[in-house]
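Here the structure is laid out as structure tokens; the discussion comes afterwards.
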Amino acid sequence: MTHANLQIGPDERGFFGDFGGRFVAETLMPLILDLQQEYELARQDPEFAAELAELSRDYVGRQSPLYYAARLTEHLGGAKVYLKREDLMHTGAHKINNALGQILLARRMGKTRIIAETGAGMHGVATATVAARFGLDCVIYMGSTDIHRQQPNVHRMQLLGATVRPVTAGDGTLKDAMNEALRDWVTNVEDTFYIIGTVAGPHPYPAMVRDFQSVIGKEVRQQLEDKEGRLPDSLVACIGGGSNAMGLFHPFIEDSEVELIGVEAAGEGMDTPRHAASLQGGHPGVLHGNRTFLLQDEQGQISDAHSISAGLDYPGIGPEHAWLHQVGRAEYVAATDQQALDAFSLLCRLEGIIPALESSHALAEVIRRAPTLPSDHLMVVNLSGRGDKDMATVTEHLADHLA
Amino acid sequence: MTTTHDRLNRRFQQLREEDRAALVTYIAAGDPDYTTSLATLSGLAEAGADIIELGMPFTDPMADGPSIQHATRRALDGGQTMEKTLDMVRELRRQDDDTPVVLMGYYNPIYRRGVERFLDEARSAGVDGLIVVDLPPEHDDELCLPAAAAGLDFIRLATPTTDARRLPGVLANTSGFLYYVSSNGVTGGAAPTAERVATEVERIREHSEIPIAVGFGIRTPEQAATIGRFADGVVVGSALIDAQASGETPEQGTAAVHKLTRELAAALRGARG
């Protein structure tokens with residue numbers, strides 16, 4: 001059975017239903033239109049696809065394994081749980097899939113300077129990595145709060161030759177870094193390519209980033225076919241902007257029997273203002289080039305998000321998720337900081353895998369949901385990144401476990 | 001009673017007769033607090049401002065440099081709201097029914113309020129036009145066309161990247177005046193090269209008779225005079241914001257804004273002589 005009424009957007013103006021669009025200053029419009037045109041050409045170019053595939057295999061390490069988590073499954077006593085091991089890819093997260101695709105486009109467009117925003121630093125590291133690989137200048141904008149809590153990634157980016165510019169505006173997190181990257185872009189439109197790290201921003205970014213990340217879902221589809229001979233019953237992924245989730249979900253959108261479950265960050269709880277769950281705690285609005293659900297007050301001022309994981313600490317969400325939420329194709333839930341920490345510990349001890357705090361939010365939902373399901377239910381969770389970067393944060397919060 | 005649609009047209013008509021460019025001054029509503037900002041606003045026309053741009057504070061001013069970022073932060077910290085911004089315009093209109101007032105800012109606070117409600121409130125408060133940075137012509141159905149229907153001018157930005165293909169679309173639903181952004185970048189950046197800007201303004205004039213105001217990076221009376229020789233209006237923002245912040249007391253800040261406004265106005269009055 002397929003979801004025939006679900007148009008795989010966006011439309012030509014960049015809208016997924018009511019969400020998306022190109023809400024940017026005039027200075028950027030010609031550039032965004034050029035990018036869209038170039039991306040359409042690249043998509044149809046077999047040489048572009050071949051180069052991306054070769055680098056994905058030999059440089060990134062694709063395909064990533066689909067791992068049956070036997071001890072986790074046994075512990076939970078319900079659904080059969082598979083982990084999609086994006087944590088094993090070069091640079092330690094799914095972010096490299098998109099960074100690689102976009103830098104090939106940048107080179108195609110003759111751009112010589114790369115900028116990016118980063119929250120947890122994984123997108124910054126991925127971007128600095130591919131910029132080094134292609135010999136392009138690279139500037140990464142990172143909030144000062146995030147620089148403090150993700151020091152190892154700051155050092156990584158610097159080792160890779162990137163300049164890390166701290167952003168002190170606002171709360172010094174991902175939203176502020178994105179504002180500053182947009183200011184840089186508008187100032188340096190001629191030579192600069194902005195590698196946005198998630199499925200947000202002005203059209204064509206949400207669709208383009210989704211397409212580069214869709215390799216995740218395509219591989220899962222084939223891998224599960226090989227292992228189980230059928231489609232999964234449910235897919236679970238964490239959501240900040242939502243790129244690892246879109247990459248996993250997208251190849252399954254028309255298969256309506258496959259449940260899609262996105263997990264937002266509930267921070268200190270949905271009954272407090274300190275969370276980052278835009279769909280469950282936000283309202284439609286316009287920020288960073290697209291209309292989507294945003295954490296904001298009644299005046300339309302954007303609220304600061306909160307999550308223990310820097311990569312989910314964003315007051316918006318990709319417009320395609322807003323649309324999937326609106327039409328009911330995907331289900332969106334939330335996990336708290338504490339639930340994510342508990343899931344983090346459990347995976348370390350049961351499977352010998354240290355997950356990123358971001359991915360631990362998805363695992364928290366697996367822990368809640370799997371025990372209620374039959375043993376023939378196939379659940380795939382995107383282990384979007386590894387947790388090496390989170391040692392300082394986790395050590396602080398799990399001190400009693402480490403004693 | 002003047003209808004809102006007339007103030008901008010009449011002002012540019014009057015200035016054509018005087019053969020000088022309009023001085024367009026930008027201040028951030030509520031910076032650093034309501035009372036001070038209202039005092040600054042109320043004295044601008046007397047100091048020589050021909051058109052007033054009143055910034056609607058937003059948490060994420062992506063097209064603005066540090067001066068205006070800090071000003072809008074101060075305003076929000078001081079409790080500025082959309083109601084208070086509109087109150088400022090109402091207060092101004094009690095003493096001044098001639099000086100055009102243009103609200104400038106970002107779309108989200110308008111969208112969240114509801115476009116129809118906002119347009120009703122703005123028009124009845126005495127607002128003449130809107131500049132909304134993150135609404136390119138591709139999204140005219142969001143606010144530009146409803147604003148025109150409500151009798152408010154929608155002032156579009158044109159930039160150095162606006163090429164011949166885009167210019168007709170940018171000009172199509174623009175009214176009041178066109179705001180030419182003199183350099184790629186954020187507000188408060190480097191000063192533009194007058195020759196290049198003059199060439200660009202001439203290029204746009206081949207397509208339209210709409211008045212053209214030039215802004216971004218213009219800080220001093222000398223720079224204003226240079227641009228004012230060929231442009232229909234000169235926009236000064238960050239320099240006035242810096243003046244407001246320069247005073248040891250709010251009153252001194254307001255006095256500094258009015259002093260700079262007088263100097264800019266004097267420079268424009270002599271520019272084409």
Side-chain angles (χ1 to χ4, degrees), chain A residues 12-15 18 20-34 36 167-171 175-176 178-192 201-203 282-292 294-304 315-316, chain B residues 56-66 69-70 72-73 76 79-85 105-114 118 132-139 141-143 156-163 165-167 169-170 178-181 183-187 189-190 216:
Chain A
E12 70 282 358
R13 295 165 71 220
F15 280 105
D18 293 338
R22 288 181 289 225
F23 295 90
V24 296
E26 172 62 22
T27 314
L28 293 178
M29 272 309 297
L31 200 66
I32 285 173
L33 294 172
D34 283 352
Q36 187 181 343
V167 179
T168 54
D171 241 18
K175 160 180 92 96
D176 312 296
M178 195 151 179
N179 287 336
E180 209 55 37
L182 284 164
R183 291 186 187 112
D184 180 312
W185 200 25
V186 86
T187 309
N188 300 291
V189 282
E190 301 300 333
D191 66 346
T192 297
H203 180 59
H283 297 272
V286 173
L287 180 72
H288 293 155
N290 61 166
R291 174 156 45 222
T292 187
L294 299 170
L295 300 180
Q296 56 178 316
D297 67 14
E298 287 178 358
Q299 290 285 324
Q301 305 296 346
I302 308 302
S303 312
D304 288 315
Chain B
M56 299 175 282
F58 181 48
T59 39
D60 293 80
M62 286 155 284
D64 286 301
Q69 286 175 45
H70 293 147
T72 55
R73 188 71 256 169
L76 290 173
Q80 188 69 13
T81 59
M82 189 69 91
E83 288 81 1
K84 289 183 178 178
T85 299
Y106 297 81
Y107 185 36
N108 197 55
I110 296 170
Y111 181 75
R112 180 81 163 112
R113 194 167 193 81
F118 169 78
V132 181
V133 180
D134 49 356
L135 281 176
E138 281 76 358
H139 289 308
D141 55 333
E142 297 275 341
L143 181 64
R156 186 95 63 204
L157 304 168
T159 70
T161 60
T162 308
D163 57 19
R165 278 177 305 163
R166 285 190 63 74
L167 193 53
V170 167
L178 181 77
Y179 188 140
Y180 182 71
V181 174
S183 51
N184 293 332
V186 294
T187 54
F216 276 44

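Below, read A as the first sequence line, B as the second, and so on, with proteins coming before strands; counting in each chain starts at 1.
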| note | Heavy atoms of B:Thr161 and A:Pro30 approach each other most closely as O-CG, 3.0 Å
| remark: Applying a strict 4.5 Å limit to non-hydrogen atoms, the region of A:Asp184 in contact with chain B is neither
| request: With rounding to the nearest 0.5 Å, note down the distance linking CE in B:Met82 to CD in A:Glu298. | output: 13.5 Å
| request: Applying side chain to side chain donor-acceptor pair (under 3.5 Å), name anything that partners A:Glu26, two or more places apart in sequence or on another chain. | output: B:Thr162, B:Arg166
| request: Please look at A:Pro202 and chain B and tell me whether the side chain, the backbone, both or neither of the residue comes under 4.5 angstrom of a heavy atom of that chain. | output: neither
| remark: In short, B:Pro136 meets A:Val24 closest at the heavy-atom pair CD-O, 3.3 Å
| request: Using the six-membered ring wherever Trp is involved, compare the ring planes of B:His139 and A:Phe15 and label them parallel, tilted or perpendicular (cut-offs 30° and 60°). | output: perpendicular
| message | Heavy-atom pairs under 4.5 Å with chain A: which of B:Glu142, B:Arg73, B:Arg113 has the most? | response | B:Glu142
| field | Check: B:Asn108 side chain, A:Gly300 main-chain N or O, donor-acceptor pair, under 3.5 Å | value | yes
| field | Under 4.5 Å from a heavy atom of chain A, the part of B:Gln69 involved | value | side chain
| task | Output the distance between atom OG1 (B:Thr85) and atom CD (A:Gln299), rounded to the nearest 0.5 Å. | result | 8.5 Å
| B:Asp163 CG to A:Leu33 CG distance, which is reported to the nearest 0.5 Å | 9.0 Å
| remark: Here the gap from B:Tyr106 atom OH to A:Leu287 atom CG, rounded to the nearest 0.5 Å, amounts to 11.0 Å
| request: Please check if the side chain of A:Thr27 supplies one atom and the backbone of B:Asn184 the other of a donor-acceptor pair under 3.5 Å. | output: no
| query | Can you name the ring pair (Phe, Tyr, Trp, His ring centres under 6.0 Å) partners of B:His70, sequence neighbours left out? | reply | none
| Can you find a heavy atom in the side chain of A:Gln296 that is under 4.5 Å from one in the side chain of B:Pro109? | no
| request: Go through A:Glu190, A:Lys175, A:Glu180, A:Met178 and name the one with the most non-hydrogen pairs under 4.5 angstrom from chain B. | output: A:Lys175
| field | Per-residue contact mode, B:Tyr111 against chain A (heavy atom under 4.5 angstrom) | value | side chain
| query | When heavy-atom pairs shorter than 4.5 Å are enumerated against chain A, which of B:Pro66, B:Pro61, B:Ala190 gives the highest number? | reply | B:Pro61
| Does the B:Arg112 side chain pair with the main chain of A:Gln301, one donor and one acceptor, at a distance under 3.5 Å? | no
| query | Given that the side chain runs from C-beta out, which part of B:Pro160 has a heavy atom under 4.5 Å from chain A: side chain, backbone, both or neither? | reply | neither
| message | For a side-chain contact (heavy atoms from CB on, under 4.5 Å) check, start with the C-alpha distance between B:Met62 and A:Leu28, then their side-chain angles and the critical distance, and finish with the verdict. | response | CA-CA 12 Å; B:Met62 286 155 284; A:Leu28 293 178; over 6 Å; no
| Heavy-atom proximity to chain A below 4.5 Å, by part of B:Val132 | neither
| Quick one: NE2 on A:His288 to CG on B:Asp60, what's the gap to the nearest 0.5 Å? | 5.5 Å
| note | The interface call for B:Ile110 against chain A, heavy-atom contacts under 4.5 Å, is neither
